[in-house]
Asker: 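Just dropping this structure here.
A note on names: the letters A, B, ... follow the listed sequences, proteins ahead of strands, and every chain is numbered from 1. For clarity, every value in this text was computed on a predicted model and none was experimentally measured.
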Amino acid sequence: MRDTTWIGRDLPRPDAADKVAGRAAYIHDLSRPGMLWGKVKFSEHASARIVHIDTSRARRLPGVRAVITGDDTPEIRIGFLRDNVALKRGRVRQQRDEIAAVAAIDPDVAAEAIELIRVEYEPLPAVFDPEQALHPDAPLVHDRDASGRPVTSNLLPVSVRHVSGDLAAGERAARYVAEGEFSTPLIQQSCLGTAGCIAEFDLRGNLTLWAKTQIPFLAQRDFVKALEAMGLEGRNARVIVPALGGAFGTGLDTHCYEYIAMLLAHRTGRPVKMLYTREEEFAFLSPRQSARTRIVQGCDAEGRLTFRRIDVLQDNGAYTSWGATYPTVMLIPATSLYKVANVWFDARIVYTNNTYAQAMRGYGNPEVTWPIERTLDDLARQAGIDPLELRLRNVNEPGETTPMGLEVTTCGLRECFDFAREKLDWAKKRGQQRGARRGVGVAALVHVGGSGRIYRSDGGGVILKLDDFGNVNVSYGGVEMGQGLHAALTSAVAEALGVTPERVHVNPTDTATCPWDVGTHASRGAFIACNAAIRAAAKARTKLFALAAELFAPEVARNLEAHQRRNPGYEPPNFDVGAACAAGRFQLASGVVTLEGAPAEPWLRLELARLLRAGHFRGVAGQMIVEEAFYEPPSTLPDWSEGVGNMSACYAYGVQGFEVEVDDETGEVTILHAVSAHDVGRVLHPQALRGQVQGGLAQGIGYALYEEVRTHEGRVLNPSFTDYKIPTAHELAFPVDVHFVETDDPAGPFGAKGVGEPGLVPTAPALASAIEDAVGVRIADLPMTQEKIVRALREQRAPRGS
Amino acid sequence: MLRLPQLQVARPRTVEEALALLGGEGALPFAGGTDLLPNLKHRLLAPQTLVSLAGVEGLSGVSVDPGGALVIGATTRLHEVAEHPEVRARAPALAMAAGLVASPQIRRMGTLGGNVLLDTRCRYVNQSAFWRKSLGHCLKKDGAVCHVVPGGQKCVAAASNDTAPALLTLGASLTVATAAGTREVPLESLWKPDGVYNRRLAPNELVTAIRVPAQAAGHRGAYLKLRPRESFDFPLLGVAVRVDAAGGVVQSADVVVVALQAVPRRVTGASDELAGKALGTQELEAAIVAVGARAHQQCRPLPNVPGDPDYRREMVPVFVRRALRAAAG
């Protein structure tokens with residue numbers, strides 16, 4: 001690995017102080033002159049015909065500036081399959097459907113006006129279970145697709161399959177077979193900053209939207225289409241992203257409330273702000289997809305995997321988000337977590353009248369890693385092989401091409417297992433502490449580490465704009481949402497350009513000023529941004545050194561004069577500055593230009609700021625240094641009907657492990673110790689990286705033990721943090737051994753891989769394995785609540801039928 | 001966040017002023033506000049005036065009267081109750097219960113009086129106005145049906161106050177100021193089995209203090225709480241116990257359970273099982289198990305608060321045994 005000055009150094013995060021002091025401006029803090037407040041009237045039924053909407057009383061309420069419905073606004077189609085409309089006409093398909101909206105002078109008037117809107121419904125049949133939704137007699141959630149063609153089934157026309165090798169031969173080769181049905185719940189992304197936006201039109205009909213988004217440029221594209229639907233062809237939609245209080249996938253789609261804010265702003269001619277309350281966020285924003293998985297996998301007598309078959313059923317809810325492409329990422333663990341030759345994968349996604357779901361951290365990966373890792377423990381038990389040893393016998397290695405066609409450039413999975421084994425004291429503890437109701441468990445993950453191509457461009461650009469004072473202003477179209485992107489980008493720019501990090505300033509994300517980027521997802525932010533920054537910095541250095549070739553010698557000559565004035569009798573060493581400049585032997589480090597091989601004389605160096613000013617103020621030849629580079633990773637868009645393609649430039653691996661103690665009377669799980677080892681390629685910014693890994697671990701603990709959006713007939717039963725449990729600091733007060741394996745990937749910026757999502761992915765199966773080791777119970781359906789553990793313990797003591 | 005309704009806040013300086021204000025229409029007392037404000041945002045209550053007790057003299061603080069009774073001002077913060085050496089020494093179950101309410105932040109705002117008078121809770125009522133309306137409302141607020149007990153005519157929203165069972169085991173009473181003077185209300189007679197409003201207090205009465213009488217020699221007590229996490233949660237089940245064991249032998253005992261129904265429930269027969277048993281003996285342990293069995297027999301949680309009621313019932317004997325062991329140990 002190359003020597004670095006700033007990369008890997010524990011620098012403070014540039015956004016930390018403002019956020020800690022409450023000065024960062026989130027959408028909640030923003031206001032525009034003349035701004036109105038928008039609010040949505042949501043459906044009270046999961047499936048019904050809208051017979052009549054009476055908005056007359058709301059319109060008469062003083063302070064109300066507009067009341068709109070689907071009947072008096074243009075139809076704006078949205079969503080991955082364009083099966084959703086911003087304001088519904090005639091029919092609702094889920095509890096949270098948007099029926100009407102108001103704009104008013106303050107939030108209280110808006111809320112009161114919403115209450116005055118009367119809606120008459122005629123309830124229609126509904127279906128809430130994805131298996132029942134596949135029944136031929138099930139009511140159709142949509143009877144036509146987006147282009148008006150009749151449909152006959154609730155099955156989504158989104159198919160992801162994979163068949164590789166010879167499944168039957170793999171089954172024959174298996175000495176041991178493990179199978180089961182597993183499920184993962186609907187969960188809330190639980191962003192501390194709730195959803196919201198401000199929409200504002202200028203008098204030429206151009207839109208500016210301050211949006212809580214992870215995809216500013218795909219959002220721009222969606223919004224421009226909406227402007228066309230509103231009769232505003234040729235107008236621009238500018239997207240500005242304020243500070244975000246977490247996104248975790250909620251920002252991968254554009255949302256009805258954003259289009260409703262646009263419609264209200266257009267109707268009133270005033271900026272309109274929409275802000276979800278926490279209760280609205282829980283009930284009316286899309287949670288993570290739930291999944292039911294059926295798995296069979298087998299191994300030979302030595303524990304080597306011979307086949308794996310996975311069938312997934314996903315509840316889409318009533319409309320389709322990008323989350324419907326979960327199976328594209330499910331394929332990664334299905335085909336490539338451990339070496340397995342013969343793989344079958346099939347995913348079906350089904351419309352129901354439940355709340356429609358969207359993406360979240362891990363994007364399908366944890367849903368499939370859960371059954372894979374749980375059944376590996378089963379195979380290990382059957383084969384009489386230690387479960388960690390069984391995993392090592394199948395461990396992924398560099399140079400491998402997996403059944404999906406993933407090209408494994410670098411892989412530190414074995415080192416991650418070694419670390420977990422040592423830190424958990426595995427040999428002494430696994431299977432040895434049943435009497436104390438204590439156990440240890442591990443699980444691994446593979447994920448995209450070099451972005452994940454699910455769109456024709458998977459790139460992103462960076463602009464570096466240097467100013468007269470030596471500041472480097474960085475524009476990147478991805479989104480800082482709390483993960484530490486700007487910290488990594490600052491270190492990378494400082495390193496690649498040769499300035500100090502204090503001189504690097506990352507601009508707010510704005511489609512008007514930043515180059516295109518596909519979005520901050522797939523753990524790609526730092527990987528893409530830093531790769532683009534390295535390329536932009538190289539261009540800037542070339543230009544700076546060209547300037548220096550002309551200006552360095554005269555500038556240091558002035559330095560020398562001043563030096564000699566202060567030090568009469570000073571004799572400069574014998575060094576030919578002109579010749580060195582002509583040879584272009586420049587160096588730029590920590591904001592200072594020097595010549596290679598030059599003596600360390602105080603006058604024989606040039607501050608970057610002076611070089612920039614010299615370049616600026618040179619009359620007609622004056623010049624600015626503004627450089628752009630666009631980085632497109634070397635990956636391919638997979639063929640989804642075959643489920644094959646090298647979708648990422650490199651792959652991240654990791655292992656997490658736990659030691660737990662289980663209260664066998666109450667089912668309470670106490671985590672005593674956690675281990676988190678990740679192949680990160682290279683550590684860019686230690687603090688941000690630790691934050692990502694530990695944050696993912698914490699979120700994974702919520703997924704494993706507590707979290708579930710409970711619904712009844714499409715209604716969310718626990719729409720608040722009072723009833724929806726996420727782990728608090730109290731539950732996370734255990735030691736975590738974090739370890740980073742640096743494999744220096746050739747595609748990575750300075751060797752780094754993306755690591756935004758991995759912390760969450762193997763947490764639940766590792767905890768489940770530890771719980772099973774402690775008290776012998778196996779739970780297939782997340783979350784592993786106290787109730788479920790007690791029930792399983794009871795069944796263990798008195799098996800059914802006895 | 002959810003918006004508060006429009007209302008006025010009055011700031012009396014004395015109990016008399018507060019009582020006069022509480023006599024007005026649509027007035028509610030306002031102390032820590034940790035439960036009141038969410039309920040207002042959910043539109044469960046619609047007061048015109050909140051009567052702030054923050055500036056009223058003499059409502060806060062812990063003292064011990066000459067007879068050895070603890071007198072705790074109604075607006076004493078839960079944190080102070082939990083940490084106070086006299087409370088910990090004289091009423092350990094109360095200190096434990098106060099220390100297990102919600103989270104550290106809430107215990108520094110919430111008051112003991114507020115917790116004693118906490119409104120009942122139910123998964124179908126502690127929701128936003130929109131949510132309740134879309135479900136068709138319920139007995140506790142604006143409706144005529146019960147979603148917990150189909151066909152039920154009586155609201156079964158659950159008493160969810162951690163300190164209530166502890167105070168019941170301690171024989172506590174409330175000092176209540178009224179326009180006619182001050183009266184003492186034993187906690188035994190405070191609650192009534194009606195989830196809509198489970199307290200026998202008039203709107204123009206103000207609890208000024210909680211009085212915990214001097215306990216018997218050898219007093220021990222404990223409070224334990226079932227919750228999904230170790231912090232922040234209302235009880236899915238709360239168990240308070242009193243074990244008086246002068247000379248190392250149990251003389252008398254009491255077990256009270258909360259978060260089952262609209263009122264805290266006393267488990268009968270605890271003294272019968274435990275009295276006469278010496279601490280640290282197998283005999284006592286057997287009696288503790290027997291009390292747990294009685295509790296299991298007597299307590300039937302409803303699906304009124306989150307958590308599987310079968311699981312909550314199964315936890316009743318577990319928590320009764322653990323609380324008794326904690327007190328007797």
Asker: Answer with side chain, backbone, both or neither: which region of B:R312 has an atom nearer than 4.5 Å to a non-hydrogen atom of chain A?
Answerer: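 The answer is neither part of B:R312.
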Asker: Given side chains that start at C-beta, do those of B:K41 and A:E279 come closer than 4.5 Å, heavy atoms only?
Answerer: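 Sidechains of A:E279 and B:K41: no contact.
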Asker: Measure distances from A:F284 to the heavy atoms of chain B and classify the residue's part below 4.5 Å as side chain, backbone, both or neither.
Answerer: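 Just the side chain, heavy atoms under 4.5 Å.
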Asker: Evaluate whether atom CZ of B:F232 has more than 12 neighbouring non-hydrogen atoms of other residues, nucleotides or ligands under 6.0 angstrom away.
Answerer: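 Atom CZ in B:F232 is not crowded, with 12 or fewer foreign heavy atoms closer than 6.0 Å.
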Asker: Report which part of A:E665 has an atom under 4.5 Å of a heavy atom belonging to chain B: side chain, backbone, both, or neither.
Answerer: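 Both backbone and side chain.
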Asker: Take atom CD in A:E122; do more than 12 heavy atoms of anything else shown fall under 6.0 Å from it?
Answerer: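 More than 12 heavy atoms, drawn from other residues, nucleotides or ligands, come within 6.0 Å of this atom.
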Asker: Can you say whether A:T785 sits under 4.5 Å from chain B via the side chain, the backbone, both, or neither, judging by heavy atoms?
Answerer: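 No part of A:T785 comes within 4.5 Å of chain B.
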Asker: In terms of heavy-atom proximity below 4.5 Å to chain B, should A:T666 be classed as side chain, backbone, both, or neither?
Answerer: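 Interface part for A:T666: both.
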Asker: Roughly how far apart are A:Q95 CD and B:F130 CZ, rounded to 0.5 Å?
Answerer: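 Rounded to the nearest 0.5 Å, the CD-CZ separation comes out at 6.5 Å.
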Asker: Measuring heavy-atom distances to chain B, does A:E668 have an atom under 4.5 Å in its side chain, in its backbone, in both, or in neither?
Answerer: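 A:E668 touches chain B through side-chain heavy atoms alone.
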Asker: Listed by residue number, which members of residues 286-308 of chain B have a heavy atom under 4.5 Å from any heavy atom of chain A?
Answerer: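 B:P306, B:G307, B:D308 fall under the 4.5 Å cut-off.
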Asker: Is it the backbone or the side chain of A:D663 that comes under 4.5 Å from a heavy atom of chain B, or both, or neither?
Answerer: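 The answer is the side chain of A:D663.
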Asker: Can you check whether A:P727 reaches B:R229 side chain to side chain, under 4.5 Å on heavy atoms?
Answerer: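 A:P727 vs B:R229: side chains apart.
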Asker: Pairs of donor and acceptor atoms involving the side chains of residues 95-103 of chain B, under 3.5 Å and at least two apart or interchain, shall be tabulated with distances.
Answerer:
unit_1	atom_1	unit_2	atom_2	d
B:S103	OG	B:I106	N	3.4

Asker: Is chain B contacted by the side chain of A:Q786, its backbone, both, or neither, given a heavy-atom distance below 4.5 Å?
Answerer: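 Answer is both: backbone and side chain atoms of A:Q786 are under 4.5 Å from chain B.
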Asker: Could you tell me the separation between the CZ atom of B:R3 and the CD atom of A:E112, rounded to the nearest 0.5 Å?
Answerer: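 Rounded to the nearest 0.5 Å, the CZ-CD separation comes to 12.5 Å.
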Asker: Is B:R227 in contact with chain A via its backbone, its side chain, both, or neither, using a 4.5 Å heavy-atom distance?
Answerer: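 Looking at B:R227, just its backbone touches chain A.
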Asker: Heavy atom to heavy atom, less than 4.5 Å: which residues from residues 131-139 of chain B reach chain A?
Answerer: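 Interface residues of residues 131-139 of chain B: B:W131, B:K133, B:S134, B:L135.
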Asker: Of all the residues in residues 700-726 of chain A, which have a heavy atom that comes within less than 4.5 Å of a heavy atom in chain B?
Answerer: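 The list, in residue order, reads A:Y706, A:R710, A:R715, A:V716, A:L717, A:P719, A:F721, A:T722, A:D723, A:K725, A:I726.
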